[in-house]
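For the numbers below, each heavy atom of this structure counts, side chains included, while hydrogens, waters and symmetry mates do not.
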Amino acid sequence: WDRKVRELAHRSIDVGSLLNFVFQLGAEGSVMPHFDPQLHTTNDVVRQAIIPLTRDHNGRGGRAWADVQQMESVVGEASGEAAEVLVTHDWRNL
């Protein structure tokens, strides 16, 4: 139990990674080109962008988006440190 709590507490992303993802959405981006912030919910983005981006190559599973972001970050950029701020969401948010 304690090991899992520590693992989850250190699962984080930096603001730059979040902004890079946001800039990939919509007509100018490479992910979910039909994205409309006035229409699509958090659930839509998860199902149509996050899950496809984090799916294993064999299509049978996936990883947490934060873990994928840490693996793709420049060496030294992703520290795996505990988050300083908690940002949460609601599946219905626009």
Side-chain angles (χ1 to χ4, degrees):
W1 169 261
D2 289 338
R3 186 173 68 215
K4 182 52 105 175
V5 169
R6 278 192 298 279
E7 174 192 327
L8 293 175
H10 287 84
R11 181 181 286 169
S12 63
I13 61 166
D14 59 41
V15 173
S17 294
L18 180 59
L19 289 174
N20 285 337
F21 172 72
V22 170
F23 292 136
Q24 292 178 44
L25 296 172
E28 300 298 318
S30 59
V31 178
M32 202 176 161
H34 60 282
F35 174 73
D36 178 346
Q38 300 298 317
L39 174 68
H40 291 101
T41 64
T42 301
N43 185 57
D44 297 328
V45 173
V46 168
R47 301 285 181 224
Q48 298 172 41
I50 299 289
I51 290 174
L53 287 171
T54 58
R55 187 172 289 136
D56 287 339
H57 295 293
N58 64 14
R60 295 187 176 186
R63 300 182 56 102
W65 186 68
D67 292 343
V68 171
Q69 292 303 301
Q70 285 185 350
M71 290 177 8
E72 292 178 354
S73 292
V74 176
V75 175
E77 191 174 306
S79 63
E81 295 177 7
E84 294 178 23
V85 176
L86 172 65
V87 178
T88 189
H89 62 277
D90 183 297
W91 290 98
R92 299 164 294 178
N93 282 353
L94 290 177

### Any Ile50 side-chain heavy atom under 4.5 Å of Phe21 side chain
yes

### Message
Taking the side chain as everything from C-beta on, heavy atoms only, tell me whether Thr41 gets closer than 4.5 Å to Asp44.
### Response
yes

Give every donor-acceptor pair under 3.5 Å between a side-chain atom in residues 25-34 and any protein atom, sequence neighbours left out.
{"unit_1": "His34", "atom_1": "NE2", "unit_2": "Gln48", "atom_2": "OE1", "d": "2.5"}

### Query
Any donor and acceptor pair, going by atom type alone, linking the side chain of Asp14 with main-chain N or O of Gly16 inside 3.5 Å?
yes

### Query
Which of these passes side chain to side chain contact (heavy atoms under 4.5 Å, CB included) with Val15: Leu18, Ile13, Leu19?
Leu19

### Task
Could you grab the distance from atom CZ of Arg92 to atom CG of Asn43, nearest 0.5 Å is fine?
11.0 Å

### Task
Establish whether Leu53 and Phe23 are linked, either directly or via other cluster members, by ILVMFWY side-chain heavy-atom contacts under 4.5 Å.
no

